[in-house]
Amino acid sequence: MSENTIKLLDVVALTVDLPDYNLWRGQVGTVVETLANGAAFEVEFSDRNGRTYESLGLRAEQIMVLHFEPASPDLKSKMAIA
């Protein structure tokens, strides 16, 4: 991931189904640890009451960072290049 790096406490969504863990594409989690020098991330999945129901290591290509505000013009141009 070039300019759009995943960071600690980022809110992310799965981009793949993980049926062995009962997790499905689109489920939302939080990055709680960076692993393997940024090649993987520990992502925690919690219910609406804040109780963790799954926590596992995922590769960067298995998740995408969610954005809650419009991207700045600088970020938009960098994302278009990637």
Side-chain angles (χ1 to χ4, degrees):
M1 302 218 121
S2 54
E3 299 295 330
N4 192 19
T5 59
I6 299 169
K7 300 178 298 306
L8 188 64
L9 301 180
D10 274 347
V11 177
V12 297
L14 283 175
T15 58
V16 295
D17 292 333
L18 299 172
D20 291 346
Y21 298 96
N22 198 30
L23 294 172
W24 308 98
R25 185 171 50 96
Q27 281 190 270
V28 176
T30 304
V31 175
V32 295
E33 190 70 44
T34 301
L35 308 170
N37 294 321
F41 304 89
E42 184 78 16
V43 178
E44 190 172 275
F45 296 88
S46 303
D47 64 19
R48 292 177 193 251
N49 296 313
R51 289 183 291 242
T52 300
Y53 58 85
E54 192 63 71
S55 182
L56 67 154
L58 298 168
R59 295 181 315 274
E61 60 270 12
Q62 293 176 295
I63 55 178
M64 64 179 289
V65 176
L66 299 180
H67 302 278
F68 297 97
E69 297 178 9
S72 71
D74 292 339
L75 181 59
K76 284 181 188 177
S77 64
K78 289 177 185 177
M79 291 173 69
I81 294 170

Indicate the atoms forming the closest heavy-atom contact of L35 with G57, along with that distance. CD1-CA, 4.2 Å

Which value, rounded to the nearest 0.5 Å, describes the distance between L58 atom CG and Y21 atom OH? 8.5 Å

Is it possible for you to say whether V28 and F68 belong to one hydrophobic cluster, with membership spreading through side-chain heavy-atom contacts below 4.5 Å? yes

Any donor-acceptor N/O pair, T15 side chain to Q62 backbone, under 3.5 Å: yes

If you define the side chain from C-beta out and look only at heavy atoms, does anything of V31 sit under 4.5 Å from V11? no

Set out, in order, the CA-CA distance, both residues' side-chain angles and the distance that settles side chain to side chain contact (heavy atoms under 4.5 Å, CB included) for T30 and D10, then state yes or no. CA-CA 6 Å; T30 304; D10 274 347; over 6 Å; no

Apply side chain to side chain donor-acceptor pair (under 3.5 Å) to E42 and list each qualifying residue two or more places apart in sequence or on a separate chain. S55

Would the number of heavy atoms belonging to other residues, nucleotides or ligands and lying under 6.0 Å from CG of N49 be above 12? yes

I'd like to check L18 versus L56 (side-chain heavy atoms, cut-off strictly below 4.5 Å). Are they in contact? yes

Shared hydrophobic cluster, L23 / V32 (ILVMFWY, side-chain heavy atoms < 4.5 Å): no

Hey, are the side chains of T52 and F45 touching, using non-hydrogen atoms and a 4.5 Å cut-off? no

Please give me the minimum heavy-atom distance between A13 and G26, naming the atom from each residue. CB-O, 4.1 Å

Hydrophobic cluster membership, with links at side-chain heavy-atom distances under 4.5 Å among I/L/V/M/F/W/Y: are Y53 and V12 in one? yes

Closest non-hydrogen contact found for D17 with R25 is OD1-N, 2.8 Å

I need the E44 CD to E33 CD distance, nearest 0.5 Å. 11.0 Å

Would you give the length of the straight line joining atom NZ of K7 to atom CZ of F41, rounded to the nearest 0.5 angstrom? 10.0 Å

